[in-house]
Amino acid sequence: MSRSMNNQELAQLLRAISAAYEVKKENRFKIIAYDRAAVAVEHATSEIKDLWDDQKLMSLPGVGPNIARHLDELFRTGKVGHFKQVMKDLPPAMFELLHIAGIGAKTAYRLCQDLKLKNPKTVVNKLIKAAKQGKIASLEGFGEKSQADILESLEEFKRGQVKKKRMTLPYADAIAQEIIDYLKKSPSVLQADPLGSLRRRVATVGDIDIAVATKKPAEVIDQFINYPKKKKLIEKGPSKASILLSGGYQVDLRVQKPEAYGSMLQYFIGSKHHNIHLRELALNKGLSLSEHGIKKRGKLTEYATEKAFYEALGMALIPPEMREDMGEIEAAQAGKLPDLVEIKDIKGDLHLHSSFPIEPSHDEGADSMETMARKAIELGYEYLGFSEHNPSLSQHSEKEIIDLLKRKKEITEQLNSSLNKFTQKTNKKPINLISGLEIDIRPNGELAYPEKGFEFLDYAIASIHSSFKMNRKKMTARILRALEHPKVRILGHPTGRKLGEREGYELDWERIFTVCRQKKIILEINACPDRLDLPDVLVREAVKSGVKMVINTDSHALDQMKLMKYGVSVARRGWAEKKDIINTLPWEELRSILNL
DNA sequence: GCCGTTTTCGGCCCGACTGTTTTCAGTCG
């Protein structure tokens with residue numbers, strides 16, 4: 001029997017059915033239904049196969065009795081008779097073309113049919129050849145321009161645009177800021193904001209979206225499309241424009257007059273699904289929503305702020321990080337929006353790598369404890385935990401390791417008292433330094449640190465840095481074993497993912513959450529922008545399960561201590577409140593949580 | 001095909017831009 005499909009593949013299958021229906025001019029709501037089911041599958045927080053095992057397919061919004069029945073057949077037998085029927089007289093190659101920018105179901109079908117392309121494996125190359133021979137332009141409904149556009153998209157696709165590159169947040173922040181600074185040089189730009197996924201603080205950003213409030217839209221659009229780093233103009237109209245930057249990143253601009261800027265912010269922050277849900281809801285009240293405002297019986301009302309826009313719909317302003325149609329609209333209607341944690345609530349950082357010569361198994365920090373501690377004072381923190389990697393086991397005797405940690409604890413204590421004299425003298429908040437360790441969890445779940453050394457640690461973070469490819473059952477057992485040690489208070493970067501590099505490992509989260517709750521283990525939200533781990537969806541699950549979390553920067557250099565805000569965004573996207581995050585607690589309360 | 005504190009039947013988000021067209025279809029977000 002073949003391996004069952006993962007969520008991504010399933011979503012693709014459902015999209016293919018939607019496309020097939022589109023070509024066949026089926027009821028358009030049926031087409032939309034399959035698209036929605038595909039979205040639901042993509043957004044699911046667990047494997048659909050597991051949902052099927054538990055007979056919970058219909059719990060997915062957008063999956064009803066029919067699609068559930070088809071998926072059931074798929075998991076049982078490996079194929080779906082109905083799907084086969086639907087796709088029977090369509091060229092298989094057309095589904096490959098759906099991945100090409102600018103080609104939808106209808107175009108894909110026409111091209112494959114008219115040019116007699118059948119094989120999905122060769123269709124891209126054959127179509128490139130056809131375009132170069134001018135065969136596309138001569139088809140009815142196509143022309144020279146569309147032929148050139150298709151050719152370009154195909155070649156981009158071949159160059160590896162399959163996996164569209166996504167930016168980490170700080171990178172996207174920097175690009176957006178540069179463009180905004182550029183736009184603001186024009187006096188016509190009254191206000192400019194980065195929106196879209198960047199504003200929602202999604203872990204990785206595809207396109208950069210910018211909105212501008214102006215009374216002279218044409219001028220702003222012109223200014224935008226003349227951005228010096230523009231590589232190519234994608235589109236330009238009176239109210240929006242898109243350009244491509246040299247890195248291959250797309251920037252979309254929308255302009256709006258100041259009186260209606262609130263509606264534009266709401267529209268352009270998205271997410272698309274949040275907006276669709278909101279519009280459906282509005283429709284029930286006889287209202288029609290758009291980026292221009294709210295229409296009632298054909299009469300448009302404009303909104304200068306988002307707050308006014310949401311209030312007109314009978315709900316409080318929903319924080320952008322929550323706008324993913326994951327229940328936030330219902331919560332807002334019920335007046336039950338959470339009071340999300342903020343950067344100003346953060347009172348310390350418990351995961352830092354100083355340059356203390358600990359001879360670690362992995363990379364050492366670049367800056368001294370003192371430098372980092374002084375930075376923490378500047379940030380207004382009440383505490384700081386140094387948790388370098390454990391000394392490498394192979395290079396040291398047990399005694400050497402214990403001596404190193406003994407020494408580190410002494411130095412931490414000395415620094416603590418000297419800095420307290422400093423804070424007292426300068427009238428600053430006192431800082432409390434603690435000495436911990438980030439200990440590797442070995443493949444068998446043992447901690448890479450001698451038992452006798454634990455008395456010289458204030459606390460330990462346990463993390464996985466090797467043997468990532470382990471199945472869910474083994475990996476869960478490995479981690480649970482490590483969490484048995486009483487000094488292990490924190491599970492570091494719990495999924496091990498590296499954005500754009502590797503997926504996280506699979507874990508039985510229900511069990512992990514249960515153990516964390518019982519043993520009061522704290523899950524880390526690692527703020528390092530290429531980790532952001534726990535991921536937001538799991539933060540949400542953790543919050544629901546009553547598991548506490550800590551937001552740490554995992555700084556290996558002074559400069560990284562400022563990245564805390566990225567971890568806070570993840571927490572906010574997971575609906576975490578102050579009470580869910582332990583490093584919002586004052587020092588005395590934190591102490592008791594860490595058993596200090 | 002899905003879905004429901006105004007519905008289990010009768011609805012289903014909204015608008016912008018482009019290319020190929022003489023009024024619109026396709027694609028996108």
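Lettering of chains follows the sequences in order, A, B, ..., and the numbering in each one begins at 1.
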- prompt: CD of E311(A): more than 12 outside heavy atoms within 6.0 angstrom?
  reply: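 Atom CD in E311(A) is crowded, with more than 12 foreign heavy atoms closer than 6.0 Å.
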query: More than 12 foreign heavy atoms under 6.0 Å from NZ of K24(A): is that the case here?
result: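 Count over threshold, so yes.
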- prompt: Is a side-chain N or O of K230(A) found less than 3.5 angstrom from the main chain of I225(A), in a donor-acceptor match?
  reply: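 Yes: the side chain of K230(A) pairs with the backbone of I225(A).
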query: Is Y34(A) reaching over with its side chain to a backbone N or O of A19(A), donor-acceptor style, under 3.5 angstrom?
result: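 The answer is no, because no donor-acceptor pair under 3.5 Å joins these two groups.
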By the 4.0 Å heavy-atom rule, please label [X] as base, sugar-phosphate, or nothing.
X       : result
H277(A) : nothing
N275(A) : nothing
S242(A) : nothing
I32(A)  : nothing
Q333(A) : nothing
A101(A) : sugar-phosphate
A282(A) : nothing
I31(A)  : nothing
Y109(A) : nothing
I276(A) : base
Y267(A) : base
R28(A)  : nothing
K272(A) : base
E26(A)  : nothing

message: Check the phosphate of dA16(B) against K240(A), side-chain N and O only, distance under 4.0 Å to OP1 or OP2. Yes or no?
response: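 No.
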Can you figure out which of [options] approaches the side chain of [X] most closely?
X       : options                   : answer
I67(A)  : dC13(B), dC17(B), dG1(B)  : dG1(B)
K106(A) : dG1(B), dC13(B), dG26(B)  : dG26(B)
P238(A) : dG1(B), dT6(B), dC17(B)   : dC17(B)
Y34(A)  : dG19(B), dG1(B), dT6(B)   : dG1(B)
R254(A) : dA16(B), dC13(B), dG26(B) : dA16(B)
S146(A) : dG19(B), dG1(B), dC2(B)   : dG19(B)
L283(A) : dG1(B), dC12(B), dA16(B)  : dC12(B)
E291(A) : dG26(B), dG1(B), dA16(B)  : dA16(B)
H292(A) : dG1(B), dC14(B), dA16(B)  : dA16(B)

[atom1] atom, [N] versus [M]: distance in rounded Å?
N       : M       : atom1 : value
dG29(B) : dC13(B) : C1'   : 12 Å
dT23(B) : dT18(B) : C1'   : 15 Å
dG19(B) : dC12(B) : C1'   : 29 Å
dT20(B) : dG15(B) : P     : 27 Å
dG1(B)  : dT6(B)  : C1'   : 23 Å

Side chain N27(A) and base dG1(B) donor-acceptor under 3.5 Å: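 Such a pair is found, so the answer is yes.
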query: Which value, rounded to the nearest 0.5 Å, describes the distance between L278(A) atom CG and I329(A) atom CD1?
result: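 It comes to 4.5 Å.
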task: Enter syn or anti for the glycosidic conformation of dT22(B), syn applying to angles within 90° of 0.
output: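 You should classify dT22(B) as anti.
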- prompt: Does dT8(B) pair with anything, Watson-Crick or G-U wobble, both distances under 3.5 Å, and if so, with which nucleotide?
  reply: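 Pairing partner: none.
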task: Tell me which of G102(A) and L139(A) sits closer to the 5' end of DNA chain B, going by the nucleotide each one is nearest to.
output: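 By nearest-heavy-atom nucleotide position, the 5'-most residue is L139(A).
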message: Judged by each residue's nearest nucleotide on DNA chain B, which is more toward the 5′ side, A105(A) or K145(A)?
response: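 The answer here is K145(A).
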message: Counting C-beta onward and ignoring hydrogens, is there a side-chain heavy-atom pair between H292(A) and Q256(A) closer than 4.5 Å?
response: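 SC-SC contact between H292(A) and Q256(A) confirmed.
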Distance in angstrom units between [X] [atom1] and [N] [atom2], rounded:
X       : N       : atom1 : atom2 : result
I234(A) : dT27(B) : CD1   : C1'   : 14 Å
L289(A) : dC12(B) : CG    : P     : 14 Å
R15(A)  : dG1(B)  : CZ    : P     : 18 Å

- prompt: Which of parallel (below 30°), tilted (30 to 60°) and perpendicular (above 60°) describes H82(A) and H70(A)?
  reply: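 The arrangement is parallel - the two ring planes meet at less than 30°.
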message: Strictly below 4.0 Å, N to O, side chains only: are E235(A) and K240(A) in salt-bridge contact?
response: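 Yes, this pair counts.
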